[in-house]
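What follows is a single structure, written as structure tokens, with notes after it.
Atoms within each ligand, like the ligands themselves, are counted from 1 in listed order.
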Amino acid sequence: MLQIDVVTLFPRMFDAVTTSGVTGRALERRLYDLVLWNPRDFAVNAYRAIDDRPYGGGPGMVMMPEPLEKAIGAARQRQKSTGVVKPRVVHLTPQGRLLDNALVVELTQEQGLVMLAGRYEGVDERLAGRVFDDEVSIGDYVLSGGELAAMVVMDAVVRQLPGALGDAESASQDSFVNGLLDHPHYTRPESYEGAMVPPVLLSGNHAQITKWRLKQALGRTWQRRPDLLAKRSLSAAESVLLEEFKKEGS
Ligand code: 9D3
């Protein structure tokens with residue numbers, strides 16, 4: 001079973017992933033284990049401080065190294081007691097490697113993950129060389145802390161675990177696995193505010209439907225995320241479909 005430990009000043013935020021959805025169901029089914037550690041419980045000075053003012057001056061506070069390293073050490077110990085020899089220790093930080101499907105797949109293959117979700121301006125840099133295997137960012141925008149990023153990693157990793165998804169959802173069918181955006185989806189009614197469902201989807205011709213969906217996926221990726229197409233080669237059949245999409249305009 002995948003072991004996940006998170007070091008955070010706001011453990012209650014993780015109620016969101018433990019009680020709801022795919023991550024909640026997977027926890028119930030014991031497909032993974034989650035333990036939260038509050039660095040406050042590892043504070044060393046008389047005031048139980050976990051942050052202090054930055055050397056060199058400037059605004060805000062910096063997380064002190066010692067309580068964090070102790071909390072991470074406790075998480076490591078716990079993982080060891082469950083049989084995890086070497087957990088991957090990940091620091092969620094805006095300075096990290098951008099999370100993508102390849103990194104998610106890498107993390108899914110680990111026996112154990114220990115994640116540090118920081119607050120304030122960041123954590124003392126001397127921890128970087130000592131304890132982290134990876135620094136990871138979830139995108140170029142400013143969050144208030146690492147917790148939501150840690151939950152994004154958890155959600156993406158847990159849904160890859162065997163048995164986490166029902167038959168209907170299946171991780172291998174996900175967008176990004178084939179390097180393309182998803183095709184459009186429709187449900188009843190057939191006519192909504194004057195807009196019709198594309199007739200091919202009502203035809204019952206499954207070969208045609210599969211072809212149409214692939215064409216739409218290629219076309220939408222070309223329109224909206226040309227960077228994804230540049231990373232992926234197209235088969236001869238895919239090139240034909242994409243050229244058709246461009247000609248038809250959509
Ligand atoms: C406003 C503070 N910024 C000064 C230039 C730096 C800053 C410090 C701490 C910005 C954000 C944060 C808190 N963010 C995270 O801990 C974080 C994060 C993010 O903000 N964006 C994308 N991925 C991540 S992973 C962790």
Show me the short polar-atom pairs for ligand 1: any N or O of it lying under 3.5 Å from a protein N or O, with distances only.
from: ligand 1; atom 1: 16 (O); to: Gly146; atom 2: N; distance (Å): 3.2
from: ligand 1; atom 1: 20 (O); to: Leu143; atom 2: N; distance (Å): 2.8
from: ligand 1; atom 1: 21 (N); to: Tyr141; atom 2: O; distance (Å): 2.8
from: ligand 1; atom 1: 23 (N); to: Ser137; atom 2: OG; distance (Å): 3.4
from: ligand 1; atom 1: 23 (N); to: Ile138; atom 2: N; distance (Å): 3.1

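By the 4.5 Å side-chain criterion applied to Ile, Leu, Val, Met, Phe, Trp and Tyr, Leu98 is assigned to no cluster and stands alone.
A salt bridge does not link Arg126 with Glu66: none of the charged nitrogens is closer than 4.0 Å to a carboxylate oxygen.
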Verdict with reasoning, Arg119 to Glu147, per salt bridge (charged side-chain N to carboxylate O under 4.0 Å, His left out): CA-CA 9 Å; Arg119 283 273 152 174; Glu147 285 80 8; 2.9 Å; yes
Starting from the C-alpha separation in whole Å, work towards a yes-or-no answer on salt bridge (charged side-chain N to carboxylate O under 4.0 Å, His left out) for Glu243 and Lys247. CA-CA 6 Å; Glu243 288 313 309; Lys247 264 187 234 128; over 6 Å; no
Verdict with supporting geometry, Glu244 and Lys211, salt bridge (charged side-chain N to carboxylate O under 4.0 Å, His left out): CA-CA 12 Å; Glu244 283 177 21; Lys211 210 172 116 181; 5.5 Å; no
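Inspection of the Arg88 and Gln111 side chains reveals no N or O donor paired with an N or O acceptor under 3.5 Å.
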